[in-house]
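Presented below is the structure to which this report refers.
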2 protein chains.
Amino acid sequence: METNMHTGPATTALGETEQEIISLMAGAAQMLGLPKSLGEIYGLLYVSPEPLCMDDIMKRLHISLGSASQGLKQLRIFHAVRTVTVPGQRRDYYEPETELRQLLGNALREQFQPRLDTGRERLERLRHYLKDSPETSDHLHQRVEKLCRWHDNASQLLPLLSTLVKA
Amino acid sequence: METNMHTGPATTALGETEQEIISLMAGAAQMLGLPKSLGEIYGLLYVSPEPLCMDDIMKRLHISLGSASQGLKQLRIFHAVRTVTVPGQRRDYYEPETELRQLLGNALREQFQPRLDTGRERLERLRHYLKDSPETSDHLHQRVEKLCRWHDNASQLLPLLSTLVKA
DNA sequence: CCCTTACTTCAAATATTATTGAAATGAGTT
DNA sequence: AACTCATTTCAATAATATTTGAAGTAAGGG
């Protein structure tokens, strides 16, 4: 029976170019407020010519089992990686989603939409509460109204953004 | 001579509505990867019917002198607050920028543009380096090209976004 | 000039977040 | 069912980021 060892590019050390791309991805992740390691994992998958398993990721990035697992979990939630099954192999292999429009659309949906939704609820409640609160100052009323308009604008922006990137 | 005490709304305790708005702003700040206290300071200025000075901010938000100073510094960098001088008063007073289009435009310019710029430099260097590197795999070449296209798209998106919010 | 007040800076303390590794879980295989 | 290997989870640890308060700087007023 064949051994468990991996052959091919997955075992060769990372070249300068690969490292630079991984570092760029890590930076991009931090720019979006995500953990650096997320970006690194994504970057490694991005430069790899073939899908990698968790073990590859741990070894080549020098991160722990737990980090690799949790990082991949997050990336799956964002749909930034896909799980692929290699015939005759028990492990899961991962490959990156490389379409910017997909990545951006998913990120907006998963990361921003939920927060906007809870924001909406809180604003609604506030508005309702203020309805029969004549003692509240005009100024405050106006600011709440303005906030609601902010929220509406922001809410419209997300789907618009998705559309734009697709065009 | 008049005492240094502040009169009017700046000395009354924060009401429920004010607190809720401040909390919403804190959440929004965190959504954008900014410190919570930044959002709170902005929120306090947002609900205040008149400009506030650092001392007001410290006392009403229960934060230290240093935090107030640094928070305001950041907010000034983002152009999210303006300094106003009150005649006959030595202190600086602050009022919020409440136009979403301004806020968003400034944030994009101050927060994202610089990072995109350094990203561009690194990508250019990478591309140049790969030019006379025939030993680099086709796959890697393609990925670098794709990254450059990502970057171009992202770069075009920022000014587009500013335009959109204004419309 | 010196004093006072307003603000800034920065090193230390605190709080928050990410990472680790070991134990629990799940999923095939014999 | 018991065994093995792959993955997940989670409490402890490590790393980061934020907050504080005291010392330093600046600037107006006497």
Side-chain angles (χ1 to χ4, degrees), chain A residues 1-6 10 25-27 29-45 51-78 81-94 111, chain B residues 1-6 10 22 25-27 29-42 44-45 51-78 81-94 111:
Chain A
M1 190 173 175
E2 206 178 318
T3 76
N4 232 1
M5 271 188 59
H6 301 292
M25 291 292 188
Q30 290 195 299
M31 176 166 128
L32 301 170
L34 300 167
K36 199 173 65 161
S37 64
L38 260 204
E40 290 176 339
I41 296 173
Y42 180 84
L44 175 60
L45 294 173
L52 301 179
C53 65
M54 242 173 65
D55 201 53
D56 295 328
I57 293 169
M58 286 171 58
K59 293 207 173 105
R60 306 190 82 196
L61 249 28
H62 302 105
I63 62 176
S64 70
L65 189 76
S67 268
S69 174
Q70 293 194 162
L72 284 168
K73 184 183 177 182
Q74 268 297 97
L75 287 170
R76 279 190 312 255
I77 289 174
F78 291 146
V81 303
R82 269 185 299 275
T83 306
V84 300
T85 47
V86 175
Q89 284 275 245
R90 219 152 108 192
R91 334 176 91 131
D92 284 333
Y93 284 75
Y94 300 92
Q111 180 97 122
Chain B
M1 190 172 172
E2 206 178 316
T3 76
N4 231 1
M5 271 187 59
H6 301 291
I22 290 170
M25 291 292 188
Q30 290 195 300
M31 176 166 127
L32 302 170
L34 300 167
K36 198 173 65 160
S37 65
L38 259 204
E40 290 176 338
I41 296 173
Y42 181 84
L44 174 60
L45 294 173
L52 300 180
C53 65
M54 244 174 64
D55 201 53
D56 295 327
I57 293 168
M58 286 171 58
K59 292 207 173 103
R60 307 190 83 197
L61 251 28
H62 303 107
I63 62 176
S64 69
L65 188 75
S67 269
S69 174
Q70 292 192 164
L72 284 168
K73 183 182 177 182
Q74 268 297 98
L75 287 170
R76 279 191 311 257
I77 289 174
F78 290 146
V81 303
R82 268 185 299 276
T83 305
V84 299
T85 48
V86 175
Q89 284 275 244
R90 221 155 105 191
R91 331 176 94 126
D92 285 333
Y93 284 76
Y94 300 93
Q111 181 96 121

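These numbers come from the heavy atoms of this one structure, side chains and all, not from hydrogens, waters or symmetry mates. Order of the sequence lines sets the chain letters (A, B, ...), proteins ahead of strands, with each chain counted from 1.
- Distance M54(A) CE to dG26(C) P: 16 Å, rounded to the nearest Å.
- Residues of residues 32-39 of chain A that place a heavy atom closer than 4.0 Å to DNA chain C, in numerical order, are P35(A), S37(A).
- Spacing between atom CG of D55(A) and atom P of dT7(D) amounts to 8 Å, rounded to whole angstrom units.
- Side-chain contact between L34(B) and Q111(B): present, with at least one pair of heavy atoms (C-beta onward) separated by less than 4.5 Å.
- To the nearest angstrom, C1' of dT9(D) lies 14 Å from CD1 of I77(A).
- Judged by atom type and distance alone, R90(A) reaches the base of dT4(D) through a side-chain donor-acceptor pair under 3.5 Å.
- Between the NZ atom of K73(A) and the C1' atom of dT9(D) there is a distance of 8 Å, given to the nearest Å.
- Taking atom CD1 of I63(B) as the reference point, atom P of dT20(D) lies 7 Å away to the nearest angstrom.
- For M58(A) and dG21(C), the CE to C1' distance is 10 Å, given to the nearest whole Å.
- In terms of the salt bridge (Lys or Arg N to Asp or Glu O under 4.0 Å) criterion, R90(A) has no residue partners (sequence neighbours excluded).
- For the atom pair CD1 of I22(B) and CG of L45(B), the computed distance is 9.0 Å after rounding to the nearest 0.5 Å.
- Which of dT9(C), dT8(C), dA6(C) sits closest to the side chain of R91(B) comes down to dA6(C).
- A distance of 6.0 Å separates CG of L44(A) from CZ of R60(A), quoted to the nearest 0.5 Å.
- Side-chain atoms of I41(B) and V81(B), non-hydrogen and from C-beta on, never get closer than 4.5 Å to each other.
- The distance between atom CG of L61(A) and atom C1' of dA18(C), rounded to the nearest whole Å, is 15 Å.
- Across all non-hydrogen atoms, the minimal contact from A29(A) to P35(A) is CB-O, 3.8 Å.
- The NE2 atom of H62(A) sits 17 Å away from the C1' atom of dG21(C) (whole-angstrom rounding).
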Side chains of residues 64-78 of chain B: which donor-acceptor pairs under 3.5 Å do they make with residues two or more places apart or in other chains?
from: S64(B); atom 1: OG; to: S67(B); atom 2: N; distance (Å): 3.2
from: R76(B); atom 1: NH1; to: Y94(B); atom 2: OH; distance (Å): 3.2

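- Near-neighbour residues of DNA chain D inside residues 64-71 of chain A, defined by a heavy atom below 4.0 Å, number-ordered: L65(A), G66(A), S69(A), Q70(A).
- For the pair Y93(B) and Q89(B), the tightest heavy-atom approach, listed with the atom from each and the gap, is OH-OE1, 2.8 Å.
- For K36(A), the side chain to side chain contact (heavy atoms under 4.5 Å, CB included) criterion is met by A26(A), Q30(A), E40(A), not counting sequence neighbours.
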